[in-house]
Amino acid sequence: MLSMRFTITTLVALVLKSFIEKERGRGKSTLNSSGCVSNIQFWHNFRNAYNMVLHKFGEKLYSGLVSTMTSHLKEISKSIEAAQGDSFLEELNRKWNDHNKALQMIRDILMYMDRTYIPSTHKTPVHELGLNLWRDNIIHSSKIQTRLLNTLLELVHRERTGEVIDRGLMRNIIKMLMDLGSLVYQEDFEKPFLEVSAEFYKVESQEFIECCDCGEYLKKAEKRLNEEIERVTHYLDAKSEVKITNVVEKEMIANHMLSLVHMENSGLVNMLLDDKYEDLGRMYNLFRRVPNGLLTIREVMTSHLRETGKQLVTDPERLKDPVEFVQRLLDEKDKYDSIISLAFSNDKTFQNALNSSFEYFINLNARSPEFISLFVDDKLRKGLKGVSEEDVEVILDKVMMLFRYLQEKDVFEKYYKQHLAKRLLSGKTVSDDAERSLIVKLKTECGYQFTSKLEGMFTDMKTSQDTMQGFYASHPELGDGPTLVVQVLTTGSWPTQPNVTCNLPAEMSALCEKFRSYYLGTHTGRRLSWQTNMGTADVKATFGKGQKHELNVSTFQMCVLMLFNNADRLSYKEIEQATEIPASDLKRCLQSMACVKGKNVLRKEPMSKDIGEEDAFFVNDKFTSKFYKVKIGTVVAQKESEPEKQETRQRVEEDRKPQIEAAIVRIMKSRRVLDHNNIIAEVTKQLQSRFLANPTEIKKRIESLIERDFLERDTIDRKLYRYLA
Amino acid sequence: MRRSAARKTGQSNSTAPITSSATDLFRSASSKASSKEMERIDNLFYSYANRSSGLIDPEGIENLCSDMEVDHTDVRILMLAWKMKAEKQGYFTLEEWRRGLKALRADTVNKLKKALPELEKEVKRPSNFVDFYSYSFRYCLTEEKQKSIDIESICQLLDLVLGSHFRAQVDYFIEYLKIQNDYKVINMDQWMGFYHFCTEISFPDLSNYDPELAWPLILDNFVEWMQEKRT
């Protein structure tokens, strides 16, 4: 037995000893230069071990191994503890490397035991045993455990404060802990590391918040985050990355989210106002890492946008110029589109927030539909002059975007029709293609019905051209007289105009009659009525000193002017009697020719701005203008006056009634029986693309339909309506 | 006429029963009695009817009313018309007269008068009242194709028909109808709606009224007006 024990001890000690000797610099052993036992020795030991196990001395061998290694390690432990300062880690590292090499050899020598005795007795395999013993005797030794942890944390802290540390050494030590088992790594390093880091960043973030503005803070936070990721790559377990980044995210971002976003003079709103794409992008990237981060940004952006928008649309100054108003809306949309694409990586939820905000405030102003139409009118009259085709498309597409936000699309349609009519009739459209392009876009958006009448208007214009050609071709004798250009408008397609009386000058009325009989000759069964309030005329005039000018005027104005061919002086009453133009129109007409500087082709006595019944009018012989052609017409589309607005609104309301009824009938026809709330919901949904239907109005229409026996109420359940075929 | 009366009671004179059972006897006895009753009913009809038109006209009704000692604007006359299922206001046809008086088992003016309290009770029964209520509206549609009744008449009708049951609601509603401008006439749907309003909605607090439900719009407006009055 003694010899047996001796053999075991010698065996293990031999191996270990060689390492000690090596360390002490004395290379005298049976080991070769790489520290491996020479072959002979190895096989000798191996065979001994083999025999021991074979002869049932495995137990002794094993326990001998345990006790020998333990006591050896206790020695090692002392030498590590003795290391001073920085050399502590180095010593630990060195001894660890030695131990690993020894373990390898021991495992090889005791391989037979590892494969037979250990599995059958369920004992810990040699290598693992070696690691466990290292763990228990070195790492968890009372003098080493705390010191190790503190040293490691100290180094991390130093690195965080800017010092350079030995990363290789750190990596080795950390790897050692990982090799000892994930539990060791977590308990002896990772957990305390995370706690200490949290404390560190809590303090640091508090400092930063107090002294930095939002942009700077975010830069610092981003820097710290990147540092930690880099730290993990260099010397920590990869699995620690998400844990440490969570710590940084929580301490630096999540805990200060609201203070950052609302920081005075540098917070989110300021960044938005100043288009700080880089800062915004950084905020987006950082905040998306924390719960509700993006939600917070989105909410603040939305409420800011809604507030700004609301101010925009209710500011009385802005409302004075409709074109400016719409341009501002487009600019605002462009601004936020850029922000979302450049800083918020085209995040769809932000796009949606943008859209819903615009939809909210555009509809706060009931005149938005009118103004958008006026904007389009301005562009199609002159704004698009000289603009390339692609750019035209871009502008029209942007306008369509605003159009989509409107709840009362039918109001827009009404104004658009009015403005289009004026443009077509005065020939004042910059580009036919642009007009048609917009109509196509509206058709795509709203369906065929929306635009069929508009297209009818274009058709009428074209047809009229053909008609005029035919007229002059068949009346060649008229070639010398005044040129008549007639536009024949189909009543249903054009905005309804009240029929106004007006006595045309003799030459004109004769010509008009000729046209009428020509037209009715080829189109039997139709009725023509002259819309004298919508026409224009070019009148050649010679003034007192011989100055000749061509005046572009409205039909009314032409009638008034022609009177002066036969009289030098005419009173208001005489003019009124002769022309039979309604008073308000006549007054406006006279004002535009007598009271406006640069257009005063007439002279009025007295010279006041108002037209009195007794006023007298003369041709202004002293009239001058640097242009040969002078435009005095008043057919330009303008922002409506208050009474006109009321009238349009009323007409829109009236038009809605049959649409609501049609929707109700359509729905009831297919459903047969439906309850009240569902009808309201379905009708609203069907009409959504045109306007927001009022539930009270829908109820009224339902009752009207009941009265007219289209629907009936169910006798038992009065919430139900039934369709009566 | 007798022949037709007899035919109406279902016993034909021409065919004599081969076997006479008790029911047959009873039937023939009762048919004789009922044919007598019918005769009296018819006679009563003709005593009020207009010679040339063959109908009881407004004048005749007025006579009937004074005989019964009931005012001709009394609701019980309306109830009588309901019982008869009379179609035209102010007129009773023979068929309608027969229908009504037979159901009331009255063949004299006195019996008719005595039948009135019972008739009132019958009408007031919930199962009948809705029918009576809607009937009373239709009865007032005098013109062909008329679908609505003017506000003035409606107010009177409401008072007549619902006044005893729902005094408060009727009074307030009448007040509202007179001052509002949205509606100049009331249609059947609104008329019925008001009845359901009275039976379902707690008054005068109106706490369980929901304007988002299918109540006629005029009632939504009425409730709004009531609530404004209160503040």
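Chain identifiers are assigned alphabetically (A, B, ...) following the order of the sequence lines, protein sequences preceding nucleic acid strands; residue numbering begins at 1 within each chain.
Residues satisfying the side chain to side chain contact (heavy atoms under 4.5 Å, CB included) test with D714(A), not counting sequence neighbours, are I716(A), D717(A), L720(A), R722(A).
Dense packing is recorded around NZ of K111(B), with more than 12 heavy atoms of other residues, nucleotides or ligands lying under 6.0 Å away. No more than 12 heavy atoms of other residues, nucleotides or ligands lie within 6.0 Å of CZ in R105(B), so this atom counts as exposed by the packing criterion. For E212(B), the CD atom counts as loosely surrounded, since its 6.0 Å shell holds 12 or fewer non-hydrogen atoms of other residues, nucleotides or ligands. Annotation: R527(A), atom CZ; neighbour count of heavy atoms from other residues, nucleotides and ligands within 6.0 Å does not exceed 12. Heavy-atom neighbours of Y723(A) OH from other residues, nucleotides or ligands within 6.0 Å: above the threshold of 12. Other residues, nucleotides and ligands contribute only 12 or fewer heavy atoms inside 6.0 Å of the NZ atom of K700(A). Residue E95(B) places its CD atom among 12 or fewer non-hydrogen atoms of other residues, nucleotides or ligands, all under 6.0 Å distant. A 6.0 Å sphere centred on CD of E120(B) holds more than 12 heavy atoms belonging to other residues, nucleotides or ligands.
Remark: the backbone N or O of W215(B) is not paired with any side-chain donor or acceptor of K719(A) at under 3.5 angstrom. The backbone N or O of L217(B) lies less than 3.5 Å from a partner atom in the side chain of E703(A), making a donor-acceptor pair. When atom types are taken as modelled, the side chain of K699(A) and the backbone of D220(B) share no donor-acceptor pair closer than 3.5 angstrom.
At least one side-chain heavy atom of D709(A) sits under 4.5 Å from a side-chain heavy atom of K147(B). With contacts defined as side-chain heavy-atom distances shorter than 4.5 Å, the pair R713(A)/P216(B) qualifies. At a threshold of 4.5 Å between non-hydrogen side-chain atoms, the residues E707(A) and S148(B) count as touching.
By a heavy-atom distance cut of under 4.5 Å, Y183(B), N187(B), D189(B), Q190(B), H196(B), E200(B) are the residues of residues 179-204 of chain B near chain A, going up by number.
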